[in-house]
Number of protein chains: 2
Amino acid sequence: MRRAGDTGGTVVTDEPVVTVTIKDVARLAGVSPASVSRALADPGQVRPGTRERVHRAAAALGYHPNQAAHALTTGRTRMIGLVVPDITNPIFSTIFQAVQGRAREGGYSVLLVDTGEDPATEVDLVRTLARQVDGFLLCSPRAAQEYLDPFLRATAVVTINHRGRRVPCVTSDNADGARQVAEHLLALGHRRLAYVAGPAASSDNRERLRGLRAAVAAAGAELTDFTAVSPTYDGGTAAADLVLATSATAVIAFNDVIALGLLNRFTARGIGVPQQISLVGFDDIPFAAMTNPPLTSVAIAKQQIGRTAVDFLLDLLDGRQRPGGSRLMLPTHLIVRGSTGPSVLTR
Amino acid sequence: MRRAGDTGGTVVTDEPVVTVTIKDVARLAGVSPASVSRALADPGQVRPGTRERVHRAAAALGYHPNQAAHALTTGRTRMIGLVVPDITNPIFSTIFQAVQGRAREGGYSVLLVDTGEDPATEVDLVRTLARQVDGFLLCSPRAAQEYLDPFLRATAVVTINHRGRRVPCVTSDNADGARQVAEHLLALGHRRLAYVAGPAASSDNRERLRGLRAAVAAAGAELTDFTAVSPTYDGGTAAADLVLATSATAVIAFNDVIALGLLNRFTARGIGVPQQISLVGFDDIPFAAMTNPPLTSVAIAKQQIGRTAVDFLLDLLDGRQRPGGSRLMLPTHLIVRGSTGPSVLTR
DNA sequence: TTGAAAGCGTTACCAA
DNA sequence: TTGGTAACGCTTTCAA
């Protein structure tokens with residue numbers, strides 16, 4: 001234990017100030033640099049005795065390989081780029097954690113790229129960073145597919161929450177989630193539903209709308225949709241008044257963040273949720289459970305999405321083929337909380 | 001506009017599949033590789049005519065410098081590591097955005113590292129990633145200073161939300177924020193306050209407690225503190241019952257996420273906020289404004305914190321000296337919302 | 001199984 | 001102002 005006034009003359013670790021290279025290790029171990037490289041990269045390729053000495057020497061000197069040199073010779077940076085529209089949306093920060101966890105297991109680091117919900121920025125950043133990463137995880141891309149196509153040839157890409165053509169992807173069964181929502185609301189007696197949509201380029205958005213339409217049409221009910229709202233809290237507050245101008249008794253938001261914005265504005269205008277209007281979101285972000293009333297939402301498998309996407313990408317990089325192919329669609333499930341209730345039919 | 005069935009035979013950009021190096025540019029421009037390097041890195045060092053030809057050639061070939069090679073020769077990766085305890089806490093994702101924005105302006109990318117609130121993981125990750133970045137932004141570090149000291153010698157480090165010895169840092173005036181909170185509550189008539197503390201290693205936590213104690217003592221009131229709660233939503237829910245076991249009429253949480261956990265549990269137990277107990281958080285995360293009741297909280301300058309931290313780090317890397325020194329403490333301010341109200345004095 | 005040496009793409013020094 | 005050239009640290013043939 002060091003005392004408060006201690007200015008620290010002693011260094012705690014053996015970390016050298018000068019950089020120790022593979023040559024230093026080689027010299028200490030009494031072998032060639034080539035053998036050190038082999039002993040460290042593929043231990044099975046050298047004799048146990050040599051391997052031992054190399055590892056001991058490396059440990060003694062506190063050797064850490066220079067990633068830049070490694071990248072230069074192999075062409076691999078051991079970094080993956082995770083591109084998200086907005087890291088402050090809990091859905092994306094949760095996915096980041098899952099991605100980072102899995103990536104680290106495979107010896108990879110994660111370069112996080114926040115595009116600020118802007119398609120142009122997205123394309124731009126992907127282009128300029130393409131050389132710094134071994135591959136991209138494109139999460140909920142906001143750019144139209146044709147802008148991304150060129151990169152698919154040059155760079156390894158896996159999409160998350162987006163079903164592209166001929167791209168490995170991991171998605172959720174949004175259409176089914178939407179169906180669950182619609183049936184829940186219809187069962188509560190609602191006949192006039194509204195959907196506050198997200199970004200046009202989002203395939204999640206399209207699937208959710210599709211699922212909603214199908215179920216609503218089958219029941220002979222009515223669905224109004226408000227298109228292209230910014231998938232943010234402010235987007236939600238702004239949309240609230242538009243929704244209230246219709247006679248809808250239940251509103252489904254593209255995601256929970258929008259839903260919370262709607263909730264806020266409804267409350268501000270004295271519209272009771274769910275007494276006067278029912279509200280549903282998508283994603284089941286943690287905060288959705290802690291509002292008043294707590295938000296009914298469609299949960300998606302965030303952890304598994306992140307981990308599987310990394311697996312797909314590493315397979316791609318290592319030239320492995322997946323038995324089932326690199327496309328996965330995970331089930332979704334509706335979590336009913338306090339923001340949905342029986343329709344009063346008039347508002 | 002492409003039709004739906006189009007499988008995309010045309011490539012949109014000029015991006016080459018083969019890698020184009022500085023030599024290719026040199027050949028096309030009719031100069032040496034060295035001149036290309038100069039023309040691109042420091043245009044003033046080369047004659048306008050040459051510069052022109054080089055830039056034209058680079059553009060024509062779609063040249064993008066190889067970062068690994070650059071890093072190998074210069075020792076600079078042009079990446080900065082941002083280390084945070086938990087990226088799902090909105091305070092940290094907001095700071096990330098500010099950091100990324102500023103970093104990009106300076107030509108840097110951001111390697112985000114989530115330590116999962118674990119001090120050991122933090123030390124470990126910083127150690128192993130030290131060679132891949134030019135420097136670290138250590139945000140709200142959870143490891144004790146003595147574990148981080150060794151890195152301060154070997155690596156450029158700026159701390160955020162942490163006042164270390166001899167480390168450039170950008171912090172908020174937490175003690176003053178705490179004072180504002182205490183005076184607000186005292187003015188409302190509260191005499192028995194409780195503080196649900198955060199991580200022991202957090203200097204923010206220490207400062208907040210210190211400010212609270214000073215103000216409470218000055219007024220001759222009472223402060224109970226519950227130490228070392230996990231700074232998470234669950235940490236908050238767990239602490240709620242402990243708080244209710246005391247006679248405190250107002251509770252201050254280390255941060256908003258804890259506060260929301262407290263709020264949830266209070267509500268679940270039928271304790272009215274603020275009728276029976278007042279509640280205050282720190283950080284002013286966006287979600288704090290949308291709960292019911294909305295949360296009174298101490299706002300900090302997230303944007304400026306992130307940007308300034310990057311500035312400090314780049315100064316450090318480029319050997320620049322700041323006129324005012326590389327230490328900045330930003331003001332905080334209390335935002336009163338619905339979760340605080342007059343003390344009823346009995347509970 | 002091991003060593004020597006070439007090369008990855010860039011920068012920076014030294015001459016010209 | 002330019003070009004030649006030697007590094008930077010590592011991997012990977014090719015021989016031994």
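These numbers come from the heavy atoms of this one structure, side chains and all, not from hydrogens, waters or symmetry mates. Chain identifiers are assigned alphabetically (A, B, ...) following the order of the sequence lines, protein sequences preceding nucleic acid strands; residue numbering begins at 1 within each chain.
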Qualifying residues under side-chain contact (heavy atoms from CB on, under 4.5 Å), relative to [X], sequence neighbours excluded:
| X | value |
| --- | --- |
| A/Thr73 | none |
| B/Val99 | B/Ile80, B/Leu82, B/Ile95, B/Val110, B/Leu137, B/Val310 |
| B/Ala34 | B/Ser32, B/Arg38 |

Task: Residues A/Asp114 and B/Gln97: side-chain donor-acceptor under 3.5 angstrom - done: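 There is such a pair between these side chains.
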Smallest separation among heavy atoms of [X] and [Y], with atom names:
| X | Y | answer |
| --- | --- | --- |
| A/Ala143 | A/Val123 | CB-CG2, 3.7 Å |
| A/Arg53 | A/Gly30 | NH1-O, 4.3 Å |
| A/Ala26 | A/Val36 | CA-CG2, 3.6 Å |

- [ ] May I ask you to verify if any side-chain N or O of A/Ser35 is less than 4.0 angstrom from the OP1 or OP2 atom of C/dG3?
- [x]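 For C/dG3, OP1/OP2 do have a side-chain N/O of A/Ser35 under 4.0 Å.
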Open item on the list: Donor-acceptor pair, distance only, cut-off 3.5 Å: does the side chain of B/Thr74 make one with the backbone of B/His70?
Closed with: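 Here the side-chain-to-backbone pair exists.
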Task: Check: B/Gln304 main-chain N/O paired with B/Thr308 side-chain donor or acceptor under 3.5 Å - done: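 Yes: the side chain of B/Thr308 pairs with the backbone of B/Gln304.
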- [ ] Tell me, please, the opening and closing nucleotides of DNA chain D, 5' to 3', among those with an atom under 4.0 angstrom from a non-hydrogen atom of chain A.
- [x]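 Span of nucleotides near chain A: D/dG9 to D/dT13.
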TODO: Using a strict 4.0 Å threshold on nitrogen-to-oxygen distance, state whether A/Asp134 and A/Arg78 make a salt bridge.
DONE: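 Salt bridge flag = no for A/Arg78 with A/Asp134.
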TODO: Please report, rounded to the nearest Å, how far the C1' atom of C/dC13 is from the CD atom of B/Gln45.
DONE: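 My rounded result for the distance is 12 Å.
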Output a table of nitrogen or oxygen pairs between the protein and nucleotides 9-12 of chain C separated by less than 3.5 Å.
from, atom 1, to, atom 2, distance (Å)
C/dT10, OP1, B/Tyr63, OH, 2.5
C/dT10, OP1, B/Asn66, N, 3.0
C/dT10, OP2, B/Ile22, N, 2.5
C/dT11, OP1, B/His70, ND1, 3.1
C/dT11, OP2, B/Ser37, OG, 2.6
C/dT11, O4', B/Thr73, OG1, 3.2

- [ ] Rounding to 10 degrees, work out the angle separating the end axes of the helix from C/dT1-D/dA16 to C/dA16-D/dT1 (five pairs an end).
- [x]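 The two end axes of the helix from C/dT1-D/dA16 to C/dA16-D/dT1 meet at 40°.
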